Protein chains: 2
Amino acid sequence: MTVAAPPDPPPSDLRERILTAAEEVLRRYGPAKTSVVDVARHLSMSHGNIYRVFSSKEALRGAVVERWLERAHAPLAAIVAGPGSASDRLTAWFTTLARQKIEKVTSDPELFQTYQALLHQVPELIDQHLVWLDAQVRQMLAEGQATGEFRFADLDQATVAVLAATVPFRHPDLIVATNDSPDHAKLRAVLALVIAGLKTGALA
Amino acid sequence: MTVAAPPDPPPSDLRERILTAAEEVLRRYGPAKTSVVDVARHLSMSHGNIYRVFSSKEALRGAVVERWLERAHAPLAAIVAGPGSASDRLTAWFTTLARQKIEKVTSDPELFQTYQALLHQVPELIDQHLVWLDAQVRQMLAEGQATGEFRFADLDQATVAVLAATVPFRHPDLIVATNDSPDHAKLRAVLALVIAGLKTGALA
């Protein structure tokens with residue numbers, strides 16, 4: 001019996017090219033007007049090629065947003081995995097996150113709005129993002145606890161408190177009003193207070 | 001020459017009755033549909049009587065919102081002026097503010113939305129409210145600094161940091177998602193960290 005060979009797996013650079021084109025089309029036309037056909041036209045290929053890699057418009061959009069979040073996550077993950085005390089890494093991590101958000105909002109507000117709109121169409125990605133941020137903070141706190149740098153009784157409680165105290169420097173609806181870049185003086189003051197509390201055992 | 005005697009000043013209970021009626025009418029019909037005539041009808045009086053006290057519909061609305069804010073402010077001011085260490089008063093003050101907001105949002109969400117909408121029509125009242133909250137926190141911090149309970153270099157910086165760290169427990173758009181009443185466990189954890197930082201001189 002002769003069967004057709006299975007199609008070659010899509011080369012990963014095709015996937016990347018499609019995502020980059022989709023991002024470009026989204027930037028130009030906004031999420032409401034972006035179709036797979038538009039993305040295919042931008043790449044001078046048939047939309048069948050795109051459907052070989054992404055099963056639907058929704059899958060393509062989800063992948064675009066996911067890649068956008070992953071790009072933001074990479075430097076944060078590097079800080080968590082990097083050298084330095086837990087206090088120093090927490091400070092670097094939150095100021096990096098704040099700087100990323102402010103840059104996105106101020107350098108290209110329309111694209112930022114586009115991504116916010118896309119994210120709200122894929123709420124599980126918002127949840128994943130928040131879980132990821134939570135896990136990063138939790139890891140730094142746990143490491144600080146293990147070395148004796150921090151003293152607290154309950155890792156969950158400490159994580160929740162640190163994340164709550166920094167909301168205005170992370171929340172997309174507040175970050176512009178709160179913006180205190182380039183020095184992040186307000187955020188640094190909040191972190192200084194919170195970190196001192198972690199060190200002195202306020203939650204022990 | 002005979003002139004009419006100046007009208008009697010409106011008795012303050014008339015002012016209160018009008019404000020209470022306006023609140024009731026707003027609660028029933030929402031801000032878009034509330035007119036001075038509706039308020040007058042509710043009181044079985046002519047709208048001329050109301051215009052003797054409030055020069056315009058806008059003046060009446062502003063006074064309703066102002067009274068609503070003043071009612072919320074009274075127990076907070078009592079905490080600032082009351083006994084206890086600055087730390088204890090800060091904790092009582094922020095948990096009282098959070099409880100007030102949560103009660104308003106959950107007990108009568110439509111009325112809360114009505115007041116939010118009215119507030120946004122009178123943005124100077126929002127500013128006044130924020131300035132008032134800022135002054136209250138500033139006073140407790142300054143008193144803690146004066147007694148040596150807190151050690152920090154810059155009262156402005158300390159005030160901004162304490163207010164920023166508590167945003168999710170105060171902001172009308174976040175309070176429901178953040179809601180951790182009746183114990184305010186998350187808010188108490190944030191305050192414990194921040195207050196420890198103020199005591200140990202993290203901003204000194």
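Model, not experiment: these values are computed from the prediction.
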(message) Does any part of the side chain of D108(A), heavy atoms only, come nearer than 4.5 Å to the side chain of R27(A), both counted from C-beta?
(response) yes
(request) Check whether any side-chain heavy atom of I50(B) sits under 4.5 Å from a side-chain heavy atom of M45(B), and report yes or no. (result) yes
(message) Give the interface residues of residues 136-172 of chain B toward chain A, defined by a heavy-atom separation under 4.5 Å.
(response) Q157(B), V160(B), A161(B), A164(B), A165(B), V167(B), P168(B), F169(B), H171(B)
(message) Applying a heavy-atom distance below 4.5 Å, give me the residues of residues 195-204 of chain B that approach chain A, sorted by number.
(response) A196(B), G197(B), L198(B), T200(B), A202(B), L203(B)
(request) Answer yes or no: is there a donor N or O on one side and an acceptor on the other, between the side chain of R89(B) and the main chain of I79(B), under 3.5 Å? (result)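 No, because the side chain of R89(B) does not come within donor-acceptor range (under 3.5 Å) of the backbone of I79(B).
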(message) Between S56(A) (side chain only) and A59(A) (backbone N and O only), is there a donor and an acceptor less than 3.5 Å apart?
(response) yes
No-hydrogen, no-angle side-chain donor-acceptor test under 3.5 Å, [X] and [Y]:
| X | Y | result |
| --- | --- | --- |
| E23(B) | Y115(B) | yes |
| T20(A) | R67(A) | yes |
| S35(B) | D38(B) | yes |

(request) Would you mind telling me which of L193(A), D173(A), V190(A) has the largest number of heavy-atom pairs within less than 4.5 Å of chain B? (result) L193(A)
(message) Using a 6.0 Å cut-off, check whether atom CD of E110(B) has over 12 heavy atoms from anything other than its own residue.
(response) no
(request) Work out which heavy atom in V37(B) is nearest to a heavy atom in H47(B); give both atom names and the distance. (result) CG2-ND1, 4.1 Å
(request) Kindly compute the distance separating CG (L187(A)) from OG1 (T91(A)), expressed to the nearest 0.5 Å. (result)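 Going from CG on L187(A) over to OG1 on T91(A), the span is 8.0 Å.
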